[in-house]
Amino acid sequence: MSLRVYNTLSGKKEEFKPIEPGKVRMYVCGVTVYDYCHIGHARANIVFDIIYRYLRYVGFDVTYVRNYTDVDDKIIKRANERGISSRELSEEFIRAFDEDMATLGLALPTYQPKATDYIAEIIALCEKLINRGLAYEAGGDVYYRVRKFPGYLKLSKRNMEEMQAGARIAPGEQKEDPMDFALWKAAKPGEPNWESPWGAGRPGWHIECSAMSSSLLGETFDIHGGGRDLIFPHHENEIAQSEGASGKPFVNYWLHNGFVNVDQEKMSKSLGNFFTIRDILKNYDPEVLRFFILTAHYRSPIDFSDQNLKEAKAGLSRFYEALKAADETLRSHPLPERPVCPEISDAEREVYDKIEHLDDFFAAAMDDDFNTAAAIGHLFEAVRGINRLIGEARFDECNLSLRVIEDGAKKLRELGGVLGLFGSDPAAWLERQKSAGLQGAGLSAEAIEELIEERRAARQNRDFARADQIRDALAAQGIELLDSKDGTSWKVK
RNA sequence: GGCCCCGUCGCCAAGUGGUAAGGCAGAGGUCUGCAAAACCUCCAUCACCAGUUCGAAUCUGGUCGGGGCCUCCA
């Protein structure tokens, strides 16, 4: 099996062939740092995090660049509103971004460049484009002469005439053509600025990504990613800038993740219907959010709702319950040196096979354009298998099952790790969910334990009426009791 | 208006030519004092219509419905 990816440029799934065998160079558009990240950012970053992890898992040496855009109109505007410098503002939100991504358990990219550290490269790129006749200076601004670049709009698949209608020249701009876009903007009073051949100014929006990507990855690299909404104009303009300057293909594979919707509508800042990562994390474990995002394919839209988050939590809990049960089983049943099973039942055989080939099923799903939803489906089947062997509990006659349980739990952790999942200690993770859930129930763990003890005594006296009364009362408050041979435990519904 | 995407079980969600993964919910069963958890069994012909094909959820055309981009946006 080989990796196939959907390339926005061709509109098809293609076999992935890196430029340099065994190595992948990947650039993903990060954030403009002027506000807290919302769950749309969370999705984009989680999606490319697992792409990064999976590429490494299959053996590629990956150079992953994710930038911060720290100079921009919105940053300047917000900084002015707050009466602080652009630099102070962007530094504040770079820290916030780093914290959010760390909380979500993202692996660190190889490089995280800031646009303002690449001003010299940006100016050099502008000069090159001017020399090639693809850009021009006008009143201290520099614009890209879009009509001179033949491949323009090849990524977004539009045509110039139709685009004309919406394009316009803002007051103060001196564009030759409404479609042209700014590479460099002359500084207005009070704006951050850098010296350039065209006077003091600052970069336009798209040029920083061209400059940072070519500096760190070269003129042509393998993968460029980002949200769908960046296809036009951002990525289209990046292509014009980079290919215009180098004369070489910019990127081989363009990957774009789908949106997060709220009530079937795109979540966005302009609509005001967005949730920040910090909002969500008040009510949900970060791993639940990650799990929720990965249960859909990265290109599909996902609908964000309390209901869907709750389902994700139930699903993730199922994994941790199984891992916990596996841990406990292995702890109480030492694995013999040479596990045997004289008579393997059909059901056991089925589970053994499933777990033995789990990596293959997982890889086949992920090789198909990073189909995490299908991959998780396979992992769920392994959960059922493990639970089944534990349920059979015939370890005396067939201790080989212990080996399979051990193997299954190990693979679950290893493959889950590729998705950034199941990294916690299961008992501790479940315990955390319990105490978090308790806050909403208005009950203390001690109170519950007391009631459990009272019920235990009642049951011993065969006073089942009283015992059931206690259980029902707790259930009404969302507390479920689970009886076992070793006593009674509880969990929040 | 132009371009693009989507419409799969009650809900979420895979599946892009060979008679529909998985999760949640639901029904029955095993276990249990009774439950819960776990396990077993059951539960969809893929918006609609017309084509192509031996064969389509999967390809083509159309209809209806939803969404996105064209302005800042992951």
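To find a chain, count down the sequence lines: A is the first, B the second, and so on, and within it residues start at 1.
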Hey, is the side chain of [X] poking within less than 4.0 Å of OP1 or OP2 on [N], counting only N and O atoms?
X: A:Asn387; N: B:rC39; value: yes
X: A:Trp205; N: B:rC73; value: yes
X: A:Arg388; N: B:rC40; value: yes
X: A:Arg66; N: B:rA74; value: no

| task | Measure from the side-chain N and O atoms of A:Asp369 to the backbone N and O of A:Tyr6, and report whether any donor-acceptor pair falls under 3.5 Å. | result |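 Indeed, once roles are kept as given, a pair shorter than 3.5 Å links the two residues.
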| A:Asn371 (side chain) donor-acceptor with A:Asp367 (main chain) under 3.5 angstrom |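 No, because the side chain of A:Asn371 does not come within donor-acceptor range (under 3.5 Å) of the backbone of A:Asp367.
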| query | When you look at NZ of A:Lys157, are more than 12 heavy atoms from neighbouring residues, nucleotides or ligands closer to it than 6.0 Å? | reply |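 Atom NZ in A:Lys157 is packed in, count exceeds 12.
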Are there any protein N/O atoms within less than 3.5 Å of an N/O atom in nucleotides 11-15 of chain B, and if so, which ones and at what distance?
from	atom 1	to	atom 2	distance (Å)
B:rA14	OP1	A:His297	N	2.5
B:rA14	OP1	A:Ser300	OG	3.4
B:rA14	O3'	A:Asn371	ND2	2.6
B:rG15	OP1	A:Asn371	ND2	2.7

Using Watson-Crick or G-U wobble geometry with both distances below 3.5 Å, tell me the partner of [N], or none.
N: B:rA38; value: B:rU30
N: B:rA25; value: none
N: B:rU60; value: B:rA50
N: B:rA44; value: none
N: B:rC3; value: B:rG68
N: B:rC9; value: none

If you measure from the [atom1] atom in [N] to the same atom in [M], how many Å do you get, rounded?
N: B:rA44; M: B:rA35; atom1: C1'; value: 31 Å
N: B:rC73; M: B:rC49; atom1: C1'; value: 39 Å
N: B:rG65; M: B:rG26; atom1: P; value: 35 Å
N: B:rC11; M: B:rC64; atom1: P; value: 24 Å
N: B:rC24; M: B:rU16; atom1: P; value: 24 Å
N: B:rU58; M: B:rC40; atom1: C1'; value: 33 Å
N: B:rG51; M: B:rC3; atom1: P; value: 28 Å
N: B:rG18; M: B:rG55; atom1: P; value: 15 Å

| field | Annotated protein contacts, base or backbone, on nucleotides 27-36 of chain B with a non-hydrogen cut-off under 4.0 Å, one of B, S, - each | value | ------BBBB
Have a look at [X] and say if it touches a base, only the backbone sugar-phosphate, or nothing, with a 4.0 Å heavy-atom cut-off.
X: A:Gly30; answer: sugar-phosphate
X: A:Asp229; answer: base
X: A:Gly227; answer: sugar-phosphate
X: A:Arg43; answer: nothing
X: A:Val47; answer: nothing
X: A:Lys266; answer: base

Return the value, rounded to whole Å, for the distance between atom [atom1] of [X] and atom [atom2] of [N].
X: A:Ile376; N: B:rC24; atom1: CD1; atom2: C1'; answer: 14 Å
X: A:Ile390; N: B:rA37; atom1: CD1; atom2: C1'; answer: 12 Å
X: A:Arg158; N: B:rG1; atom1: CZ; atom2: C1'; answer: 14 Å
X: A:Lys77; N: B:rU71; atom1: NZ; atom2: P; answer: 19 Å
X: A:His235; N: B:rC69; atom1: NE2; atom2: C1'; answer: 14 Å
X: A:Phe232; N: B:rA74; atom1: CZ; atom2: P; answer: 16 Å
X: A:Leu294; N: B:rA21; atom1: CG; atom2: C1'; answer: 17 Å
X: A:Phe259; N: B:rC4; atom1: CZ; atom2: C1'; answer: 11 Å

| request: Please list all pairs passing the salt bridge (Lys or Arg N to Asp or Glu O under 4.0 Å) test where one or both residues lie in residues 470-485 of chain A, with sequence neighbours left out. | output: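 Every pair satisfying salt bridge (Lys or Arg N to Asp or Glu O under 4.0 Å) with a residue in residues 470-485 of chain A: A:Arg455-A:Asp483, A:Arg459-A:Asp483, A:Asp468-A:Arg471, A:Glu480-A:Lys493.
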| field | Of A:Glu321 and A:Asn45, the one whose closest RNA chain B nucleotide lies more 5' | value |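 The answer here is A:Glu321.
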| message | Given the ring of A:Phe361, does A:Lys354 sit roughly above its face, with NZ or CZ under 6.0 Å from the centre of the six-membered ring and within 45° of the axis? | response |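 Positive - A:Lys354 is close enough to the ring of A:Phe361 and near enough to its axis.
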| Is it the case that A:Lys266 places NZ or CZ above or below the six-membered ring of A:Phe259, under 6.0 angstrom from the centre and within 45 degrees of the axis? |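 Cation-pi check for A:Lys266 and A:Phe259: passes.
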| Does the pair A:Glu287 and A:Tyr320 meet the rule for a side-chain hydrogen bond (donor to acceptor under 3.5 Å, both in side chains), with working shown? | CA-CA 11 Å; A:Glu287 198 174 335; A:Tyr320 274 122; 2.9 Å; yes
| query | Can you tell me if A:His235 and A:His256 form a side-chain donor-acceptor pair at under 3.5 Å? | reply |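 Short answer, yes.
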| Is the distance between the SG atoms of A:Cys29 and A:Cys209 less than 2.5 Å? |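 A:Cys29 does not pair with A:Cys209 as a disulfide (SG atoms not under 2.5 Å apart), so no.
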| query | Can you name the residues that form a salt bridge (Lys or Arg N to Asp or Glu O under 4.0 Å) with A:Arg82, not counting sequence neighbours? | reply |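 By the salt bridge (Lys or Arg N to Asp or Glu O under 4.0 Å) rule, A:Arg82 matches A:Glu92.
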| Counterpart residues, salt bridge (Lys or Arg N to Asp or Glu O under 4.0 Å), relative to A:Asp100 (two or more places apart) |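 Checked A:Asp100 against salt bridge (Lys or Arg N to Asp or Glu O under 4.0 Å); matches are A:Arg278.
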Sort me out a list of protein N/O and nucleotides 5-8 of chain B N/O pairs below 3.5 Å, or just none if empty.
none

| said: As a quick check of understanding, evaluate side-chain hydrogen bond (donor to acceptor under 3.5 Å, both in side chains) for A:Gln112 and A:Tyr68, giving each step before the final call. | reply: CA-CA 7 Å; A:Gln112 300 188 78; A:Tyr68 302 102; 2.9 Å; yes
| said: From C-beta outward on A:Leu230, which listed nucleotide comes closest to its side chain: B:rC40, B:rA74, B:rC70? | reply: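 Of the candidates, B:rA74 comes closest.
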Is the ring pair [X]/[Y] parallel, tilted or perpendicular, if the boundaries are 30 and 60 degrees?
X: A:Phe291; Y: A:Phe319; answer: perpendicular
X: A:Phe149; Y: A:Tyr152; answer: perpendicular
X: A:Phe221; Y: A:Tyr27; answer: tilted

